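All remarks here apply to the structure that follows.
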Number of protein chains: 2
Amino acid sequence: MSVSAWLEQLHDHGYRLTGARRAVVETVEKSTRALTPIEVYDMARKKYRAIGLVTVYRTLEKLEELHLIQRVHQPMGCQAFIAAGVGHQHLLLCQNCGQAAFFDGDDLDALTKAIEKKTGYQINEHWLQLFGLCADCRA
Amino acid sequence: MSVSAWLEQLHDHGYRLTGARRAVVETVEKSTRALTPIEVYDMARKKYRAIGLVTVYRTLEKLEELHLIQRVHQPMGCQAFIAAGVGHQHLLLCQNCGQAAFFDGDDLDALTKAIEKKTGYQINEHWLQLFGLCADCRA
DNA sequence: TTATTATTGAAAACCATTTTCAATAAGTAT
DNA sequence: ATACTTATTGAAAATGGTTTTCAATAATAA
Ligand SMILES: [Mn+2]
Ligand SMILES: [Mn+2]
Ligand SMILES: [Zn+2]
Ligand SMILES: [Zn+2]
């Protein structure tokens with residue numbers, strides 16, 4: 001995805017393209033780590049001075065509705081957002097700098113089946129997230 | 001674990017045993033689903049009328065410090081707590097009634113290794129959580 | 001250009017959580 | 001038992017992140 005693709009998505013869903021929205025989109029789409037509303041606000045403000053924190057919240061809300069961003073749960077808080085992964089992917093987060101990477105290829109079918117049998121639950125989805133140190137931070 | 005074991009833990013760490021704390025401990029230890037502070041408050045109040053919501057927050061804080069309870073992250077919110085699992089376990093949650101079950105036996109070593117190689121990250125921990133319908137709710 | 005109305009930012013409201021504080025009661029020493 | 005020390009308590013106030021309100025503005029269509 002790209003900034004222009006995000007703006008196109010917004011436009012295609014009847015949302016107007018404004019300076020404030022462009023600033024938020026550019027900030028979040030380019031970030032390699034999850035950002036909180038305030039962080040987005042501080043960064044977007046450098047691109048569009050007059051932006052209000054309220055507009056950041058409202059724009060994040062719309063981007064989440066369009067599945068362009070997703071909420072990131074972390075030990076320190078669950079209010080951060082990052083550009084959404086494509087297809088079936090999970091997040092790998094650096095515990096030092098927050099650098100995020102998506103990965104796929106997890107196969108939980110066997111585990112899921114075994115647990116369904118043992119517990120009687122019908123399993124519909126799973127959350128998986130890895131934590132560690134990115135290449136830069138482990139050096 | 002049991003209610004008395006929790007109370008003993010509190011006592012062993014120098015905390016006094018009070019009616020309010022007993023009510024919170026009994027509520028949370030016996031629950032098979034994650035409870036929010038307000039839910040704990042409403043339930044504990046039936047055992048100890050005079051309890052204040054503030055004391056619920058303070059007691060949950062201590063129980064978490066002692067690793068007797070753990071925070072549960074869910075799509076609807078991340079403010080709920082449940083009796084902590086023992087050893088390496090993960091949660092399986094019913095999307096309908098909230099019924100929680102712990103499971104173990106997940107083996108992510110191969111996946112972890114592969115991702116470390118591919119991404120350059122050093123992976124230290126993982127979060128895994130399953131969602132579905134419990135035996136009662138799927139019927 | 002003009003008209004329509006979605007969008008905006010400031011201010012106020014909201015609400016979950018935390019802090020303050022004087023009264024109370026658990027644990028200890030007498 | 002009784003007195004003493006001080007951790008604990010609940011009420012009230014404060015806090016801080018998020019949401020709502022509202023009149024002004026600006027994006028889009030006519
Ligand atoms: Mn998966
Ligand atoms: Mn595991
Ligand atoms: Zn890093
Ligand atoms: Zn259920």
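Since the structure is predicted, the reported quantities are computational estimates derived from the model, not experimental observations. Order of the sequence lines sets the chain letters (A, B, ...), proteins ahead of strands, with each chain counted from 1.
- Residues Gln95(A) and Asn124(B) bring a donor and an acceptor atom of their side chains to less than 3.5 Å of each other.
- Between the OH atom of Tyr41(A) and the C1' atom of dT19(D) there is a distance of 16 Å, rounded to whole Å.
- Put simply, CD1 on Ile51(B) is 15 Å from P on dA25(C), counting in whole angstrom units.
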- Task: Tell me, with the steps shown, if His90(A) and Trp127(A) meet ring-ring contact (aromatic ring centres under 6.0 Å, His included).
- Result: CA-CA 8 Å; His90(A) 297 287; Trp127(A) 277 2; over 10 Å; no

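- Interatomic distance, CD1 of Ile82(A) versus OG1 of Thr32(A), reported as 7.0 Å (0.5 Å rounding).
- Looking only at distances, no side-chain donor or acceptor of Glu116(A) sits under 3.5 Å from a matching main-chain atom of Lys113(A).
- Proximity of a side-chain donor or acceptor of Arg71(B) to a complementary backbone N or O of Ala80(B) within less than 3.5 Å is not detected.
- Shown here for Gly52(A) and Tyr41(A), the closest heavy-atom pair between the two residues is C-CE1, 3.7 Å.
- Gln129(B) and Gln74(B) are not linked by any side-chain donor-acceptor pair at a separation below 3.5 angstrom, with hydrogens and angles left out of the test.
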- Message: Apply side-chain contact (heavy atoms from CB on, under 4.5 Å) to residues His126(A) and Thr112(A) and explain how you reach the verdict.
- Response: CA-CA 9 Å; His126(A) 61 263; Thr112(A) 291; 5.6 Å; no

- Task: Using a 4.0 Å cut-off on protein heavy atoms (strictly under), produce a 5'-to-3' string for nucleotides 11-16 of chain C with B for base contact, S for backbone-only sugar-phosphate contact, and - for none.
- Result: B----S

- Item | B/S/- contact track for nucleotides 22-30 of chain D, protein heavy atom under 4.0 Å | ----BBS--

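- Glu61(B) places its CD atom 15 Å from the C1' atom of dA7(D), with the value rounded to the nearest Å.
- Mapping Thr59(A) and Pro37(B) onto DNA chain C via the closest heavy atom, the residue that lands nearer the 5' end is Thr59(A).
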